[in-house]
Visitor: 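Can you keep this structure in mind? I'll have questions shortly.
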Amino acid sequence: MTHDPLIQFRSAAERVMAQALGKLGVESGQIAFDDPPEGMGDLAFPCFALSKSLRRGPAQIAQELAAAGKTPEIASVKAAGPYVNFTFDDKLLTKATLEAVLRNGAAYGSHPRSGKRVLLEHTSANPTDRLHVGRGRNPIIGDTLARALRMSGCDVDTQYYLDDMGRQAAMRLMAERHGKTYQWAAGLVEAERQDPEAVERRAELDAIVKGAERGDTALIAELQAICKKVMEENISPVLRLISAEPDTYVSESKFVVDGSVGRAVDGLRASGKCGEDDGALFIDLAPFGVSGRTSRFFLTRGDGTSLYPARDVAYHVWKNGQCDRAINILGEDHKTESRGVEVALRALGQENVPDVLFYSFVSLPEGKMSARKGRVVYLDDLVEEAIDLAKEEVAKRRPELGEERRADIAKAVGVAAVRYNIVRTQPEKQMVFKWEEALNFEGNSAPFIQYAHARACSILAKAGNIPSNYNPSLLAHEMELRLVRRLAAFPSLIAKCARDMTPHLLASYAFLLASDFNQFYRDCPVLVAEGDARGARLALVQASRLALRSALNVLAIEPLEEM
RNA sequence: GCCCGAGUGGGGUAGCUUGGACAUCCUAGAAGCCUGCGGAGCUUCAGACCUGGGUUCGAAUCCCAGCUCGGGCGCCA
């Protein structure tokens with residue numbers, strides 16, 4: 001059974017259209033409908049393309065097509081200039097939509113399980129420092145997309161690829177061994193100092209890195225332990241705070257230890273697609289559109305030890321063994337690396353390559369974020385700030401609530417404001433972080449949507465029982481019909497977001513739904529409505545509440561019942 | 001230098017894949033609404049497709065060039 005109320009209406013329009021086209025002697029393959037402007041119906045069929053073969057003006061063709069027959073689902077078919085516009089029957093649409101929402105409850109928008117396995121990798125920041133807002137875009141985009149995929153019917157595993165093999169992990173370990181900070185290690189290693197200590201430490205670091213890459217299990221265990229500690233201290237807490245913790249942490253070292261990095265390297269060497277420079281294995285990416293000072297994608301060093309790309313390839317081979325679709329959320333600095341992995345996977349005969357969603361970095365008004373220059377906003381600080389601000393607002397608005405309840409509300413509002421503010425923008429757009437925008441609680445913001453939900457809850461609480469029988473044809477006000485159409489659009493939106501990897505559309509949908517609900521609320525009194533209108537409106541409020549709840553869930557925003 | 005993205009009202013942003021009907025919405029600004037279900041609300045006004053070519057009956061959308069901003073161009077990750 002489908003959960004999308006619009007399907008029967010769209011296919012009815014397609015049938016009508018196919019018949020009309022048949023009468024004009026036109027082969028109807030795929031019928032592509034457009035969205036007409038507000039107030040001009042539900043589906044539009046543009047006639048420009050037919051103009052040439054029929055040797056008539058598109059407006060005239062539209063006239064002829066509009067004379068087509070009707071079905072119960074289609075209330076009107078009208079020519080409007082070069083378009084044929086279809087309008088769905090309000091009563092049937094309202095009935096089908098409310099039934100679909102009320103039957104599915106807060107799971108409305110979900111599709112039946114398809115059994116398709118999706119492995120979505122997100123965040124994967126090196127275990128060194130806290131996440132700053134720039135990188136913080138990653139878990140929020142990734143987690144939202146994962147939720148949309150689950151709703152679209154996929155089985156999803158979200159993974160954090162934990163780099164415990166690189167120089168940064170090694171520096172952490174070295175610092176730990178000497179009882180010093182990471183900054184101490186970074187300072188010694190990165191500076192060009194020639195003093196004996198720096199030279200010695202660089203040698204030690206080199207020994208750690210290469211030892212691990214050769215598969216020294218005791219050393220790897222040490223690295224894993226330190227990385228785990230760093231994750232627990234710096235990164236996992238904020239991921240939990242924003243409800244974006246991945247299902248699984250996957251250690252890079254795993255692929256060295258189990259030999260799959262070695263197999264990947266051997267396979268690539270055998271593929272004949274690689275070059276060698278002084279013993280170092282590489283793939284030339286020049287034929288694949290990568291260009292610059294060098295286009296070499298190095299897999300190993302001259303001494304045979306593996307480099308990050310080789311381990312990344314091994315990880316992706318493993319991924320392909322356990323999913324039907326792999327999705328990576330990556331910063332735009334990984335574009336070339338990602339291209340290299342894709343080329344390598346193909347060279348190994350892998351048919352699946354990951355779908356990659358790149359996001360641009362968030363900068364500050366003063367410029368690029370840089371921890372070293374002290375010019376950085378950390379994600380956990382931002383969330384704390386948002387919670388504090390929300391606390392003040394709640395104290396002002398709801399002084400009668402107990403302190404604990406107010407704190408819970410403030411947390412839900414603060415986290416939501418941050419998540420929403422980040423996910424609402426298309427990932428590939430650059431963002432300049434501004435406190436006043438991130439902490440905006442009005443207009444296009446999470447609290448606005450949460451408020452609409454709380455308002456719906458409040459109406460329902462006052463109403464008492466919601467009658468199970470209601471007459472959908474009583475919902476005829478312009479705002480009621482607009483709200484019904486918005487509700488109806490949700491399941492297909494979920495499918496689109498999951499397919500096209502467009503989580504930002506979920507944010508704008510939730511906002512539009514809340515807006516439509518507010519306008520309905522203004523124009524259509526519910527509790528004081530006369531006779532049967534009250535019951536019908538209550539059903540619409542209930543459906544709105546459930547759909548808002550579902551839309552907020554996919555954004556990982558807590559649907560507060562009061563605030 | 002070469003390669004990859006992005007440029008939409010004062011600020012931000014949707015639409016771009018698949019070219020079409022008055023370019024979406026938020027914010028800041030101006031003016032209003034409220035003895036009604038929670039004002040984190042609602043209404044009205046004003047304001048934008050980087051520039052120049054091209055393709056087309058038609059371009060924010062496709063193509064080319066330029067400019068601006070991000071990113072990449074390590075035997076780092």
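Throughout, a chain's letter reflects where its sequence line sits, starting with A, and its residues are numbered from 1. These numbers come from the heavy atoms of this one structure, side chains and all, not from hydrogens, waters or symmetry mates.
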Visitor: Would you tabulate the pairs of protein nitrogen or oxygen atoms and nucleotide nitrogen or oxygen atoms of nucleotides 34-36 of chain B closer than 3.5 angstrom?
Guide:
none

Visitor: Taking N or O atoms only and anything under 3.5 Å, show me the protein contacts with nucleotides 66-70 of chain B, one pair per line.
Guide:
unit_1: B:C69; atom_1: O2'; unit_2: A:Gln430; atom_2: OE1; d: 3.2
unit_1: B:C69; atom_1: O2; unit_2: A:Gln430; atom_2: NE2; d: 3.0
unit_1: B:G70; atom_1: O2'; unit_2: A:Glu332; atom_2: OE2; d: 2.7

Visitor: Quick test of your reading of the model: are A:Asp303 and A:Arg214 salt-bridged, counting only N-O distances below 4.0 Å?
Guide: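 So A:Asp303 pairs with A:Arg214 through a salt bridge.
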
Visitor: Starting from the 5' end of RNA chain B, give me the residue, A:Lys52 or A:Arg167, whose nearest nucleotide shows up first.
Guide: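 Counting from the 5' end, the first nearest nucleotide belongs to A:Lys52.
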
Visitor: Looking at A:Arg482 and A:Glu478, does any basic side-chain N land under 4.0 Å from a carboxylate oxygen?
Guide: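 So A:Arg482 pairs with A:Glu478 through a salt bridge.
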
Visitor: Hey, is the main chain of A:Phe288 close enough, under 3.5 Å, to the side chain of A:Arg339 for a donor-acceptor pair?
Guide: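 Here the side-chain-to-backbone pair exists.
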
Visitor: Side-chain polar contacts of residues 36-48 of chain A - donor-acceptor pairs under 3.5 angstrom, sequence neighbours left out - could you list them?
Guide:
unit_1: A:Asp42; atom_1: OD1; unit_2: A:Arg485; atom_2: NE; d: 2.6
unit_1: A:Asp42; atom_1: OD2; unit_2: A:Phe88; atom_2: N; d: 2.8
unit_1: A:Asp42; atom_1: OD2; unit_2: A:Arg485; atom_2: NH2; d: 3.0

Visitor: Quickly work out the A:Arg339 CZ to B:C3 C1' distance and round it to whole Å.
Guide: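 My rounded result for the distance is 12 Å.
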
Visitor: Under the side chain to side chain contact (heavy atoms under 4.5 Å, CB included) rule, what do A:Val343 and A:Phe297 come out as? Steps first, then yes or no, please.
Guide: CA-CA 10 Å; A:Val343 169; A:Phe297 182 66; over 6 Å; no

Visitor: Just checking A:Met431: base, sugar-phosphate only, or nothing, at a heavy-atom cut-off of under 4.0 Å?
Guide: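 Here A:Met431 touches no strand at all.
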
Visitor: Base, backbone or nothing for each nucleotide of nucleotides 20-27 of chain B, written B, S, -, heavy atoms under 4.0 angstrom, 5' to 3'?
Guide: BBB--SSS

Visitor: Would you say A:Gln426 places a side-chain N or O within less than 4.0 Å of OP1 or OP2 belonging to B:A14?
Guide: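 So the side chain of A:Gln426 is within the cut-off, an N or O lying under 4.0 Å from OP1 or OP2 of B:A14.
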
Visitor: Any residue in residues 291-306 of chain A with a heavy atom nearer than 4.0 angstrom to RNA chain B? Just list them by number, or reply none.
Guide: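 The stretch gives A:Ser291, A:Gly292, A:Arg293, A:Thr294, A:Phe298, A:Arg301, A:Gly302 as the residues lying under 4.0 Å from the strand, ordered by number.
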
Visitor: Can you check whether A:Leu188's main-chain N or O pairs, donor with acceptor, with A:Arg202's side chain at less than 3.5 Å?
Guide: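 Checked: pair present.
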
Visitor: Answer yes or no: is there a donor N or O on one side and an acceptor on the other, between the side chain of A:Ser458 and the main chain of A:Ala454, under 3.5 Å?
Guide: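 A pair under 3.5 Å: no.
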
Visitor: Touch check for A:Asp523, heavy atoms < 4.0 angstrom, all strands: base, sugar-phosphate only, or nothing?
Guide: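 Answer is nothing: A:Asp523 stays at 4.0 Å or more from every strand.
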
Visitor: Could you check whether A:Cys524 gets within reach of a base, just the sugar-phosphate, or nothing at all, counting any heavy atom under 4.0 Å?
Guide: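 Answer is base: heavy atoms of A:Cys524 come under 4.0 Å of a base.
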
Visitor: Have a look at A:Glu562 and say if it touches a base, only the backbone sugar-phosphate, or nothing, with a 4.0 Å heavy-atom cut-off.
Guide: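 Result for A:Glu562 = base.
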
Visitor: Within the structure shown, what part of the strands sits under 4.0 Å from A:Glu213 by heavy-atom distance: base, sugar-phosphate, or nothing?
Guide: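 It contacts sugar-phosphate atoms only.
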
Visitor: Distance only, no hydrogens: is a donor on one side chain within 3.5 Å (strictly under) of an acceptor on the other, for A:Gln430 and A:Ser363?
Guide: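 Looking only at side-chain atoms, A:Ser363 and A:Gln430 do not form any donor-acceptor pair under 3.5 Å.
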
Visitor: State the pairing partner of B:U35; accept Watson-Crick or G-U wobble contacts with both distances under 3.5 Å, and report none otherwise.
Guide: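 Across any shown strand, B:U35 pairs with none.
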
Visitor: Does the ring center of A:Phe441 lie less than 6.0 Å from the ring center of A:Phe448?
Guide: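 Not close enough - the centres of the two rings lie 6.0 Å or further apart.
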
Visitor: Does A:Ser508 reach a base, just sugar-phosphate, or nothing at all? Heavy atoms under 4.0 Å.
Guide: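 Answer is nothing: A:Ser508 stays at 4.0 Å or more from every strand.
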
Visitor: Could you check A:Thr425 against A:Val209 and say which one's nearest nucleotide on RNA chain B is further toward the 5' end?
Guide: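 Going by which nucleotide is closer to the 5' end, it is A:Thr425.
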
Visitor: Could you tell me the Watson-Crick or G-U partner of B:U51, where both distances fall under 3.5 Å? Say none if there is no partner.
Guide: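 Partner of B:U51: B:A65.
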
Visitor: Among A:His122, A:Lys319, A:Gln159, find the one that has a side chain to side chain donor-acceptor pair (under 3.5 Å) with A:Asn328.
Guide: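 With A:Asn328 as partner, side chain to side chain donor-acceptor pair (under 3.5 Å) holds for just one option, A:Lys319.
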
Visitor: Could you tell me whether the phosphate oxygens of B:G15, OP1 or OP2, come under 4.0 Å of any side-chain nitrogen or oxygen in A:His504?
Guide: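 A:His504 to B:G15 OP1/OP2: side-chain N or O found under 4.0 Å.
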
Visitor: Any sub-3.5 Å donor-acceptor pair from A:Ser360's side-chain atoms to A:Glu428's backbone N or O?
Guide: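 Side chain of A:Ser360 to backbone of A:Glu428, a donor-acceptor pair under 3.5 Å: yes, one is there.
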
Visitor: Run the salt-bridge test on A:Arg296 and A:Asp284 with the 4.0 Å N-O cut-off and return the result as yes or no.
Guide: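 No.
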
Visitor: Under the side-chain hydrogen bond (donor to acceptor under 3.5 Å, both in side chains) test, which residues partner A:Ser306, sequence neighbours left out?
Guide: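 A:Ser306: side-chain hydrogen bond (donor to acceptor under 3.5 Å, both in side chains) contacts with A:Arg311.
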
Visitor: The side chain of A:Phe448 lies closest to which of these nucleotides: B:U17, B:G41, B:A6?
Guide: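 Among B:U17, B:G41, B:A6, the one nearest the side chain of A:Phe448 is B:G41.
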
Visitor: Closer than 4.0 Å, any side-chain N/O of A:Gln519 to the OP1 or OP2 of B:G41?
Guide: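 Answer no for this pair, as no side-chain N or O of A:Gln519 is under 4.0 Å from OP1 or OP2.
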
Visitor: Step through it carefully: locate the ring centre of A:Phe511, locate the ring centre of A:Tyr420, and say whether they are under 6.0 Å apart.
Guide: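 So the answer is no for these two rings.
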
